[in-house]
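Let me begin by presenting the structure, written as structure tokens, before commenting on it.
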Amino acid sequence: MNEKFAKTGFYPADILLPREADMTKWAVVACDQFTSQPEYWQAVEDTVGEAPSTLRLILPESKLNDPNVDEHIAGINASMNEYMEKGIFKTLAGSLIYIERSQSDGRIRHGLVGMVDLDQYDFTPGSGALIRATEGTVLERIPPRVRVRQDAPVELPHVMLLIDDPDRTVVEPLTAAADGMEQVYDFELQQNGGHLKGWKLSEAQMDAVADALVGLCADEVMEKKYGMSGVAPLLFAVGDGNHSLATAKRCYENQKKVTPESEWANLPSRYALVEVVNNHDDALQFEPIHRVLFGVDAAALLDALKAYYPGAYEGRGEGHTIAYTHAGGTGYITVPQPKVQLAVGTLQAFLDDYLKANGGEVDYIHGDDVTDELGAKPGNIGFKLPAMGKEQLFKTVMADGVLPRKTFSMGHAQDKRYYVEARKIR
């Protein structure tokens, strides 16, 4: 294994792909999508039929709380073992895969599939690990996911890690070289998921990737990008699938408890398969997630917001400006000299304390129109947050530890990662 990768926490992997399969039926979208739309997953079921498919190897989160969830999990593990025994998979040993994903908006997102060392990942706010969560991790969400993974012989990734590579040194050189690379798949994704192509990197290309990733960790690079010197470098920020990565970490830590320390380095569960995407990829779009509160007195809540932040005032100005809509009309609140990087952090800190003291419910909403429509109903108030610039992501995680929950969404549901590659973890 190339020792340069040890400095990055990211490595080539023994990647499993189907030997012969209808790839459109093989690939299905991340399990945490369309959770309130059972008709979507039924359409996937109808499309797949009896064909080999990752549908048989994952548990859609819409089924996570089913009374017969244990039967679902047992069936998944049985399918994994069956696919292994029947030779459904072939192995691309010690490989990285460069991918191009055509999205629903016609743009092409570029990525790199490999594995990360879970010893280099920490979801604790304020961690100095190379791989960090971007949002707060809800610990209660991990145990049910552990039940799915703990006895599974293989993993399939929907985790997407972001790198802050404004000079485009890691992934983009592969785009220019793709025509001369060994292609490993090229197919249409089902359910309007777009198109996916993948190529295997050569040894020289993997070496170049390692060099570029090491370069992103250099102290002078961190100082140039974030104005911080002598700090622990942040190389990978989790963009999608943080709870899945946290689950992989928990399963690895559980195995360490029953494994001699001398064997920890060789545990397959020490690593997790991921896709790496440059935060500066033009196809990658961040969308804000708004808030609507139900069962509240809108006027009293706005007064409380201004009292919570002395100096806050009606109207737009310097600082964090947040739009609101309620039955009495619309307006803006500005909080000058905020203590955190993002307006969502300013708002969420207040909302958490206010709801705890006064009651009411909050929902997290995509789209300005829906927020205005719901916020304008009596007893409600909607807050529209500004979109977070992509350039703020890494700097905010470096400065504040993690983003407030539900800060941003990366693209639409059908553009999320589809399961294609797999890897043995036992």
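Quick note: numbers below take in every heavy atom, side chains included, and nothing from hydrogens, waters or symmetry partners.
Every side-chain contact (heavy atoms from CB on, under 4.5 Å) that Lys86 has, sequence neighbours left out, goes to Glu82, Ile88. Shown here are the salt bridge (Lys or Arg N to Asp or Glu O under 4.0 Å) partners of Asp368, two or more places apart in sequence or in another chain: there are none. Residues satisfying the side chain to side chain donor-acceptor pair (under 3.5 Å) test with Asp70, not counting sequence neighbours, are Arg147. For the side-chain contact (heavy atoms from CB on, under 4.5 Å) test, residues two or more places apart in sequence or in another chain that qualify with Val344 are Arg291, Leu342, Leu385, Pro404, Thr407. Residues satisfying the side chain to side chain donor-acceptor pair (under 3.5 Å) criterion with Ser262, sequence neighbours excluded, are absent altogether. Residues passing the side-chain contact (heavy atoms from CB on, under 4.5 Å) test with Thr91, sequence neighbours excluded: Asp14, Leu16. Residues passing the side-chain contact (heavy atoms from CB on, under 4.5 Å) test with Pro153 are Asn77, Met80, Asn81, sequence neighbours excluded.
Using a 4.5 Å heavy-atom cutoff, the side chains of His110 and Glu172 are not in contact. The closest side-chain heavy-atom distance from Ile99 to Arg417 is below 4.5 Å. With contacts defined as side-chain heavy-atom distances shorter than 4.5 Å, the pair Arg109/Glu275 qualifies. Between Tyr121 and Leu161, every side-chain heavy-atom pair lies at or beyond the 4.5 Å cut-off. The shortest distance between side-chain heavy atoms of Lys200 and Ser95 falls below 4.5 Å. Contact check for Glu135 versus Asn242: no side-chain heavy atoms found under the 4.5 Å cut-off.
In this pair, Phe350 and Tyr354 present their aromatic rings tilted. The plane angle is within the 30 to 60° band.
Counting only residues at least two apart or in different chains, side-chain hydrogen bond (donor to acceptor under 3.5 Å, both in side chains) contacts with residues 16-28 are absent. Sorted by first and then second residue, the side-chain hydrogen bond (donor to acceptor under 3.5 Å, both in side chains) pairs involving residues 374-385 (not counting sequence neighbours) are Asp372-Lys384. Here ring pair (Phe, Tyr, Trp, His ring centres under 6.0 Å) pairs that include residues 407-426, with residues two or more places apart or in two chains, are His158-Tyr419, Phe286-Phe408. The list of ring pair (Phe, Tyr, Trp, His ring centres under 6.0 Å) pairs with a residue in residues 378-400, not counting sequence neighbours, is empty. Pairs of residues two or more places apart, or lying in two chains, that qualify as ring pair (Phe, Tyr, Trp, His ring centres under 6.0 Å) and include a residue from residues 236-258 are Phe10-Phe236.
What you find for Lys424 and Met84 is that their closest heavy atoms are CE-CE, 3.0 Å. Residues Ala210 and Thr8 share a closest heavy-atom pair of O-CG2, 4.3 Å. Contact between Tyr98 and Thr175 at its shortest, heavy atoms only, is OH-OG1, 2.8 Å.
Annotation: the span from Gln190 atom CD to Asp46 atom CG amounts to 10.0 Å, rounded to 0.5 Å. With values rounded to the nearest 0.5 angstrom, Asp167 atom CG is found 6.5 Å from Asp165 atom CG.
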Practice problem: Give the intermediate values and the outcome of side-chain contact (heavy atoms from CB on, under 4.5 Å) for residues Phe123 and Val402. | Solution: CA-CA 9 Å; Phe123 54 77; Val402 292; over 6 Å; no

